[in-house]
Amino acid sequence: MPADPARGREPAGLRRGVRAGRRDRARRGGAPRSRAPPRADPGQASLFAAPAAAPAPAGPDVAALVRELEAQLRAVAGSPRSHRLNLLLAAESQGGLIAAEMHHEGLPWNRGIHEQLLEQMLGPRPEEGRRPARMQSLAEHVGRVLGSERLNPDSPQDLLRALNSAGVRVGTTRKWDLMAWAAQGGAQTEERRELIRPVLEYKQLYRLWTANGWHWLDEWIREDRFHAAYVVGGVVTGRWAAHGGGAMQIPKTVRDAVRAEPGHVLTVADASQVEPRILAAMSGDRALAVAGRGHDLYLGIAEIGQRTGSALKDRQAAKIALLGAMYGATSGDAAAMMPHLRRLFPTAIELVERAAAAGERGGQVSTWLGRTSPVPDEAWFASVRDVGTAQAESRSRTLSRSHGRFTRNFVVQGTAAEWALCWMGEIRRRLRSGGADGAGMRTRMVFFVHDEVVLYGPEEEAEAVHGIVADAAEAAGRLLFGDAPVDFPLTVAAVGSYAEAK
DNA sequence: TGTAACTCATTG
DNA sequence: CCCCCAATGAGTTACA
């Protein structure tokens, strides 16, 4: 059953019911549309009770909610894909519940270990408004080395000027630009590395300090828990977003502060190569599905590549090619491998190409369960139509292609988000019905990042939990794709520290 | 002075 | 190897 990612849009009532996301905010140009009411603070636990002392809260208008629900039910009933839409609504609803539970539960966070880590890397906590000692001395050192006293390395402009005048020919101050410059040094590569080393070190410490330093600890860790505030369906594709604390970007360097208490264990379950597996399932591409059965999908492709003499002969090549196909790479190794990929997996490639073509025309695409992509705004259509000059035509193509890459990725990323939602829903159900006495287990889901779930509970439940997350992954695949020959293997680790996983 | 946009690093 | 998809957040910078 091939999916048609470019099929017609859903009824308007449903499109309001299934939130379109927050993409408008990120889009430049054009006034913010601001049609959505201010989002309720996810940290506020009570949905129904009005704050006692607050005057006339702009709480939910029950009559309006009922009207919205009725419109939604009508829209779903009138849709040719009502079964899938109902599944989407149920999954979203369950997702809302899970997000609230995770927020309430919180990820165990050992403040002492985090502080130890900060002190080790940055030095003691500085006075307010001052740099940590290690950063201050690095800043001064960088200034001396580049011959720019009074350099403020926090300022990209300052830093770029100083680098250029010291002979470091880079266009930006990005880490990768600096490393590329050093790598091109020929015989001087080592000297160049030595020159930029303190700059890179400063940048690394700066990031740690500003994103996950003492301020972050003070603001986000309460009683040794990090309570991530999720926004279910907050991303335009249907992925979860998180508001506050950078919950979806917790760097690997601080994950060692996530610790189980004695007698407890963290179970970290990570789904492997979800998006290409999703692509295999929704396109009905048997060859791609079979390539991932029972083992690493990219390795599976590499094996096929070797057998058939294709250029996709190692894991890295297969990975780059497949990611490029889903992201819409137009240059480099990924683009060069597209013909090989198309020869091996024509059905899968056709799906993403059709999604891209629809997007380039300004059309909508939809996920497996029926979430539709937004229509570009009027300015987009105007620019795409304007091909009066060479410059305008070039701009038109850039915009068109860009939206094509977005819709190309939307179908895969959005359907992967649906799978993840079903996966967590199945985990939740099994946790609640599992356990020796049937009263449910004590282990809870405490954290989620797109294709990875962290659970926390007593050691003695760890083995059962491992089975539950794996069963749930399989069940989610069946729920969405029936008996399609695609499986969803996991990497599961029962650990005392998040840093030990993966 | 206050806000919007940019820059960079981080995650999947 | 940093090109391409989706995000958040802090700090800087441009500008009204």
Side-chain angles (χ1 to χ4, degrees), chain A residues 21-23 25-29 31-32 131 152-160 170-181 183-184 199-200 202-213 215-216 219-220 228-231 233-255 270-276 279 316-317 319-338 352 355-356 359 373 398 401-414 416-417 420 447-453 502:
Chain A
R22 301 193 299 174
R23 188 154 215 266
R25 193 171 64 80
R27 282 276 158 266
R28 353 169 259 261
R131 283 194 187 108
N152 173 17
D154 301 351
S155 159
Q157 277 179 357
D158 268 24
L159 184 56
L160 187 60
V170 287
T172 77
T173 65
R174 285 192 200 106
K175 183 167 79 176
W176 278 106
D177 260 11
L178 292 168
M179 289 172 64
W181 173 80
Q184 289 159 10
V199 180
L200 297 179
Y202 181 89
K203 288 165 82 80
Q204 188 199 349
L205 296 183
Y206 174 83
R207 171 70 190 180
L208 173 65
W209 180 50
T210 55
N212 296 100
H215 282 161
W216 183 89
E219 192 171 351
W220 295 105
Y230 295 105
V231 187
V235 177
V236 65
T237 57
R239 275 184 171 184
W240 288 15
H243 187 249
M248 310 298 249
Q249 296 95 229
I250 300 295
K252 295 198 162 75
T253 50
V254 304
R255 291 189 185 177
D270 189 293
S272 313
Q273 306 108 35
V274 173
E275 292 188 358
L279 174 58
Q316 187 63 4
K319 181 177 177 177
I320 286 180
L322 213 42
L323 289 176
M326 291 184 299
Y327 291 162
T330 55
S331 66
D333 293 348
M337 283 189 278
M338 281 299 288
V352 289
S373 67
T398 300
R401 293 245 166 93
S402 169
H403 197 252
R405 287 194 303 275
F406 165 64
T407 51
R408 170 194 291 264
N409 188 249
F410 182 96
V411 294
V412 179
Q413 186 183 121
F447 197 64
F448 170 66
V449 194
H450 307 314
D451 59 3
E452 176 181 328
V453 174
K502 207 171 178 183

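Being a predicted model, the structure only gives us computed values, none of them experimental.
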Subject >> Euclidean distance, atom CZ of residue F448(A) to atom P of dA6(C) [Å, nearest integer] >> reply: 18 Å
Original post:
T330(A) near the nucleic acid: base, sugar-phosphate alone, or nothing, with a heavy-atom cut-off under 4.0 Å?
Top reply: nothing
**OP:** Select base, sugar-phosphate, or nothing to describe what R401(A) touches, counting heavy atoms under 4.0 Å on all strands.
**Re:** nothing
**OP:** Respond yes when some side-chain nitrogen or oxygen of R405(A) is under 4.0 Å from OP1 or OP2 of dC4(C), and no when none is.
**Re:** no
**OP:** Among dC8(B), dG12(B), dT11(B), find the nucleotide with the atom closest to the side chain of T172(A).
**Re:** dC8(B)
Original post:
Would you say Y327(A) stacks on dC4(C), if stacking means ring centres under 5.5 Å apart and planes within less than 30 degrees?
Top reply: no
**OP:** Look at the side chain of Q413(A) and decide which nucleotide, out of dA10(C), dC5(C), dT12(C), has an atom nearest to it.
**Re:** dC5(C)
Subject >> Minimum-distance nucleotide to H243(A) side chain [options: dT8(C), dG9(C), dC1(C)] >> reply: dG9(C)
Subject >> Nucleotide nearest V236(A) when distance is taken to its side chain, options dG9(C), dA6(C), dT11(B) >> reply: dA6(C)
Original post:
In whole Å, what is the span from the CH2 atom of W209(A) to the C1' atom of dG9(C)?
Top reply: 15 Å
Subject >> Inter-residue atom distance D154(A).CG - R131(A).CZ, 0.5 Å rounding >> reply: 4.5 Å
Subject >> Most 5' of D177(A) and R207(A) on DNA chain C, judged by nearest nucleotide >> reply: D177(A)
**OP:** With sequence neighbours left out, write down each residue that passes side chain to side chain donor-acceptor pair (under 3.5 Å) with E452(A), or none if nothing qualifies.
**Re:** Y498(A)
Original post:
So, is T210(A) close to the dG9(C) phosphate, meaning a side-chain N or O under 4.0 Å from OP1 or OP2?
Top reply: no
Original post:
Quick one: is R174(A) getting a side-chain N or O under 4.0 Å of the dC8(B) phosphate, OP1 or OP2?
Top reply: yes
Original post:
Within the pair K203(A) and dC8(B), is there a side-chain N or O less than 4.0 Å away from OP1 or OP2?
Top reply: no
Original post:
Separation of Y206(A) atom OH from dC8(B) atom C1', in whole Å?
Top reply: 9 Å
Original post:
Which one, dG11(C), dT10(B), dG12(B), comes nearest to the side chain of H450(A)?
Top reply: dG12(B)
Original post:
Does any N or O in the side chain of D158(A) come within less than 3.5 Å of the main-chain N or O of P153(A), such that one atom is a donor and the other an acceptor?
Top reply: no
**OP:** Mind checking A335(A) for me? I need base, sugar-phosphate or nothing, with any heavy atom below 4.0 Å counting as a touch.
**Re:** nothing
Original post:
Distance check: side-chain N/O of Q157(A) vs OP1/OP2 of dC6(B), anything under 4.0 Å?
Top reply: no
**OP:** Check the distance between dC2(C)'s C1' and K319(A)'s NZ and give it to me in whole angstrom.
**Re:** 13 Å
Original post:
NA contact type, I320(A), heavy-atom cut-off 4.0 Å: base, sugar-phosphate, or nothing?
Top reply: nothing
**OP:** Check for a donor-acceptor pair, side chain of K203(A) on one end and backbone N or O of T173(A) on the other, with a separation under 3.5 Å.
**Re:** yes
Original post:
Does a side-chain heavy-atom distance below 4.5 Å link Q413(A) with V235(A)?
Top reply: yes
Original post:
If you round to the nearest 0.5 Å, how far is CG of L159(A) from CG of L178(A)?
Top reply: 7.5 Å
Original post:
Side-chain N or O of K175(A) less than 4.0 angstrom from OP1 or OP2 on dT7(B)?
Top reply: no
Subject >> Donor-acceptor contact below 3.5 Å, side chain T407(A) vs main chain A355(A) >> reply: yes
Subject >> Sugar-phosphate only, base, or nothing, as touched by E219(A) at under 4.0 Å among non-hydrogen atoms >> reply: nothing
Subject >> Any T237(A) side-chain N or O less than 4.0 Å from OP1/OP2 of dC5(C) >> reply: no
Original post:
Taking CG from L200(A) and P from dC8(B), how many angstroms apart are they, rounded to a whole number?
Top reply: 13 Å
Original post:
How do Q184(A) and A247(A) order along DNA chain C: which one's closest nucleotide is nearer the 5' end?
Top reply: Q184(A)
Original post:
Rounded to whole angstroms, how far apart are CG on D333(A) and C1' on dC2(C)?
Top reply: 11 Å
Original post:
When you measure from the side chain of D154(A), which nucleotide among dC5(C), dG11(C), dG12(B) comes out closest?
Top reply: dG11(C)
Original post:
Nearest to the side chain of P156(A) - dC1(C), dT7(B), dT8(C)?
Top reply: dT7(B)
Subject >> Nearest-nucleotide pick for E452(A), side chain only, options being dT10(B), dC8(B), dG12(B) >> reply: dG12(B)
**OP:** Rounded off to whole Å, could you give me the CG-to-P distance for the N152(A) and dT12(C) pair?
**Re:** 6 Å
Subject >> Whole-Å distance separating the CH2 atom of W220(A) from the C1' atom of dG9(C) >> reply: 11 Å
